[in-house]
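Note sheet for the following structure.
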Amino acid sequence: MTEQKKRVELRYLEQLSEMYPSIGKASTEIINLQSILNLPKGTEHFMSDIHGEYEAFSHVLRNGSGAVQKKIDDVFGQTLTARDKAALATIIYYPREKMELIKKEESDMDNWYKVTLYRLIEVCKTVSSKYTRSKVRKALPKDYAYVIEELITEKPEVLNKEAYYESIVDSIVEMGITEDFIVALAELIQRLVIDRLHILGDIYDRGSGAHLIMDKLCSYHSFDIQWGNHDVVWMAAARGHLASIACVIRNSLRYGNIDLLEEGYGINLLPLATFALEQYGDDPCSCFVTKPACETTETETELTKKMHKAIMVIKLKLEGKLIEKYPEFGMEDRRLLDKIDWEKGTVLIDGKSYPMKDMDFPTVDPKNPYELTPEETEVMSRLRTSFRHCEKLQRHMRVMVQNGGLYKVYNGNLLFHGCVPMNRDGSFTEVSVFGETYSGKELFDVLESWVRKAYFAADATERDMGKDILWFLWTAPDSPLYGRSKMASFERYFIQEEETHQEHKNPYYDLLSDSATADHILEEFGLTEEQCLPVHIINGHVPVRRKDGESPVKCDGKLIVIDGGFSKTYHNRTGIAGYTLIYNSYGLTLTAHEPFESKEAAVSREVDIVSRREAVELSGRRTLVGDTDAGRKMRERIEELKQLIEAYRSGSVLEKEAH
């Protein structure tokens, strides 16, 4: 070892001694870490493509994809009826709402409170048993931490345990805090059932509850997000990127969820509505039918169609300028306004002319089709102000950036939303980013660095380039989040011929039948079968057509696609209402969910989401914390602490506390 390396190590040990100032403190921490290494690994929960479906998302979190029901079965077996188990599960999912109903029907609430408390305590003991007391203590609700810890901790020194616990429960009921205490226990069970949540993209668009999902995540104990293309366009819009703002509004109008904009985020759409009525007042806008999330009046429907067309035309103009600015994005075929023959009423696409269904474009100058009119410029300026000044939206996007990324390697699994851009021969596609070409993992890393520059770069030019990369990730053919040859919005609105509507998938999706594809990608991201844990690719983005016999498990089990269609718009296509994946100490379990009826039905009729296990991969032995990424870091810390103890004993580092 060189003298310089020795000095660096000694300096590090001196810094470490600030945290562990004596041999005793360092030894205690080693013992603590060694014990944690031998505990079962925590449960990871994977969800993807939620698309604003808040109620279904919230319920799946509350029931832990069936984990709560399983814990109840483990604890009570045949000692409770199926009805009693369902009632207990509902109390855990929606404690306050369920208690309000029970109070209307139950004559002896004190007895009900006591029975329910005992049952919840038993479930709580089971779900907390795989964690250290320290970790459980951190999860306890502040107001009732001491009492809950007393109730769920075994006390061998207490001779009459039954009387001890009974006296605590009686006191809780007598003091009138039972309902709050039941809520605290229910939320603790929900918290302990899922150790870490992974969301593999597309929280936004289609459904109207994305802001509620983000509110939930803002206070969630442990999660990460792998950005989806529908997420990054919102991230860009929040930074004031005009083309992305137009995309976000167009998506919201298309799927009839403008409540997300107006009520969820307070975005003022009045300037757009006024402009649309002025420009398209006599236009039936028949190509701009929406998919309303709820019933609307005829007047509302007509106004929405006009707003829809107005923002779509603005979007085409703004995107056309971006495509011209960045020819390396490979999107020239998306500049279509200048390909319109205004006399013939046709448009030239891929060398072929097609008749247009709509030729009413009062704001488009055929000689300069991508220039915004002064009125359009004013509308976009006011919309940008609304997006930039919405505090809630900015807070949500900060959470998205701070807890997110384009990919994550975690406990042997490679997580990303869409695809790794590939050529038909299985090689990684070379993608140009601001004059330099990248592929594979390096492409992901470079693109993510530009995303972060959109938020954090000191230089204004770099911030603007980062915003443009967010838009690239949303829609470009070489984007790992989009992965299709084009976004055929123009064709779907304006051209009848369905041949023009086709969006061809990246070769990545055709290569998934070959396990060599998965091996190639896993190796690129540093994952090999030689590791302690089995390795997988887990991604979403493209809904699995389960009703047509498609399997979510591909590449000989090395790749799992967990987009089963949370969004209502996909239910007919997939035949289910979403997949979730659970990875616990026993292995991987992929679960398919039926549509969630409603929170009201869950509370009043104890209707849970019907879930079925689709695929199971069991471990040969129970996976311990020591096998995980966290375990590797703990072992490294143990070695460092041993070196510190040796330094204390040799005198090269002085103890800061007396023995």
Side-chain angles (χ1 to χ4, degrees), residues 41 44-48 196 198-201 224-228 404-431 438-448 478-483 505-542 544 550-563 579 581-584 587-590 614-621 623 626-633:
K41 76 175 286 294
E44 299 171 54
H45 197 177
F46 301 77
M47 303 173 74
S48 174
R196 188 172 183 91
H198 305 286
I199 297 180
L200 275 67
D224 52 72
I225 302 169
Q226 287 66 63
W227 302 319
L406 283 178
Y407 72 95
K408 191 172 190 67
V409 175
Y410 195 92
N411 287 342
N413 295 314
L414 170 61
L415 320 179
F416 55 79
H417 175 68
C419 69
V420 180
M422 301 184 83
N423 303 312
R424 299 215 170 272
D425 64 359
S427 60
F428 297 126
T429 303
E430 295 275 340
V431 180
Y438 307 93
S439 65
K441 179 179 180 295
E442 188 179 28
L443 173 64
F444 279 72
D445 290 335
V446 167
L447 291 172
E448 184 171 323
D478 287 330
S479 161
L481 302 188
Y482 184 57
K505 297 177 187 175
N506 186 273
Y508 166 89
Y509 296 99
D510 296 325
L511 294 166
L512 295 185
S513 58
D514 184 1
S515 64
T517 300
D519 291 336
H520 185 34
I521 294 170
L522 288 165
E523 185 177 355
E524 172 73 6
F525 285 83
L527 290 165
T528 62
E529 292 289 356
E530 286 73 40
Q531 296 183 178
C532 294
L533 298 171
V535 296
H536 306 87
I537 298 168
I538 303 171
N539 72 296
H541 187 49
V542 176
V544 176
E550 183 182 0
S551 172
V553 181
K554 304 176 187 297
C555 293
D556 293 338
K558 295 174 184 175
L559 188 148
I560 305 170
V561 181
I562 63 168
D563 182 3
Y579 284 118
L581 184 70
I582 291 290
Y583 182 23
N584 59 25
L588 286 162
T589 303
L590 184 70
E614 288 283 298
V616 179
E617 180 181 299
L618 297 178
S619 303
R621 63 172 180 83
T623 306
D627 302 315
T628 67
D629 295 344
R632 175 178 51 78
K633 292 177 182 177

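Fair warning: this is a prediction, and the values are worked out from it, not measured in the lab.
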- Task: Considering non-hydrogen atoms only, spot the tightest contact between Pro421 and Pro480 and give its length.
- Result: CD-CB, 3.9 Å

- Checking ring-ring contact (aromatic ring centres under 6.0 Å, His included) against His198, which of Tyr410, Phe416, Tyr583, Tyr407 comes through? Tyr410

- Message: To the closest 0.5 Å, what do you measure between NE2 (His541) and NZ (Lys505)?
- Response: 9.0 Å

- Note on the structure: The residue among Ile521, Val561, Leu527 that forms side-chain contact (heavy atoms from CB on, under 4.5 Å) with Ile537 is Ile521

- Task: To the nearest 0.5 Å, tell me how far Asn413 CG sits from Ile538 CD1.
- Result: 4.0 Å

- Walk me through it: do His45 and Ile582 pass the test side-chain contact (heavy atoms from CB on, under 4.5 Å)? CA-CA 5 Å; His45 197 177; Ile582 291 290; 3.5 Å; yes

- Task: Start with the C-alpha distance between Ile560 and Tyr579, add both sets of side-chain angles, then the distance that settles side-chain contact (heavy atoms from CB on, under 4.5 Å), and finish with yes or no.
- Result: CA-CA 10 Å; Ile560 305 170; Tyr579 284 118; over 6 Å; no

- Would you call Lys558 and Asp519 a salt bridge, using N to O less than 4.0 angstrom? yes

- Message: Can you tell me how far apart OG1 (Thr628) and CD (Glu44) are? Round to the nearest 0.5 Å.
- Response: 8.5 Å

- Are Leu481 and Leu406 side-chain neighbours, meaning at least one heavy-atom pair lies under 4.5 Å? yes

- Hey, could you give me the CG/OG1 distance between Asn584 and Thr589, rounded to the nearest 0.5 Å? 6.0 Å

- Item | For Asp629, all residues meeting side-chain hydrogen bond (donor to acceptor under 3.5 Å, both in side chains), sequence neighbours excluded | none

- Short side-chain to backbone donor-acceptor contact, Glu617 and Leu588, under 3.5 Å: no

- Message: Could you go through Leu590 and Ile562, starting from their C-alpha distance and side-chain angles, then the distance that decides it, and tell me whether this counts as side-chain contact (heavy atoms from CB on, under 4.5 Å)?
- Response: CA-CA 8 Å; Leu590 184 70; Ile562 63 168; 3.8 Å; yes

- What pairs with Glu524 under side-chain hydrogen bond (donor to acceptor under 3.5 Å, both in side chains), at least two apart in sequence or on another chain? none

- Task: Output yes when a side-chain donor or acceptor of Ser515 lies under 3.5 Å from a complementary backbone atom of Asp556, and no otherwise.
- Result: no

- Can you measure from CG (Leu522) to NE2 (His536) and round to the nearest 0.5 angstrom? 9.0 Å

- Task: State the CG-OG distance between Leu511 and Ser427, to the nearest 0.5 angstrom.
- Result: 9.5 Å

- Hey, is CD on Glu523 packed in by over 12 heavy atoms from elsewhere, all under 6.0 Å? no

- Message: Set out, in order, the CA-CA distance, both residues' side-chain angles and the distance that settles side-chain contact (heavy atoms from CB on, under 4.5 Å) for Leu559 and Asn539, then state yes or no.
- Response: CA-CA 8 Å; Leu559 188 148; Asn539 72 296; 3.8 Å; yes

- Between the side chain of Thr429 and the main-chain N/O of Met422, is any donor-acceptor distance below 3.5 Å? yes

- Please report the shortest heavy-atom distance between Tyr508 and Cys419, naming the atom on each side. CD2-CB, 3.2 Å

- Item | Residue pair Phe428 / Ser439: nearest heavy atoms and the distance that separates them | CB-CB, 3.9 Å

- Of all heavy-atom pairs between Val409 and Phe525, which one has the smallest distance, and what is that distance? CG2-O, 4.1 Å

- Non-hydrogen atoms of Gly440 and Val420 that approach each other most closely: CA-CG1, 4.4 Å

- Message: Please enumerate all residues that pass salt bridge (Lys or Arg N to Asp or Glu O under 4.0 Å) together with Asp514, with sequence neighbours excluded.
- Response: none

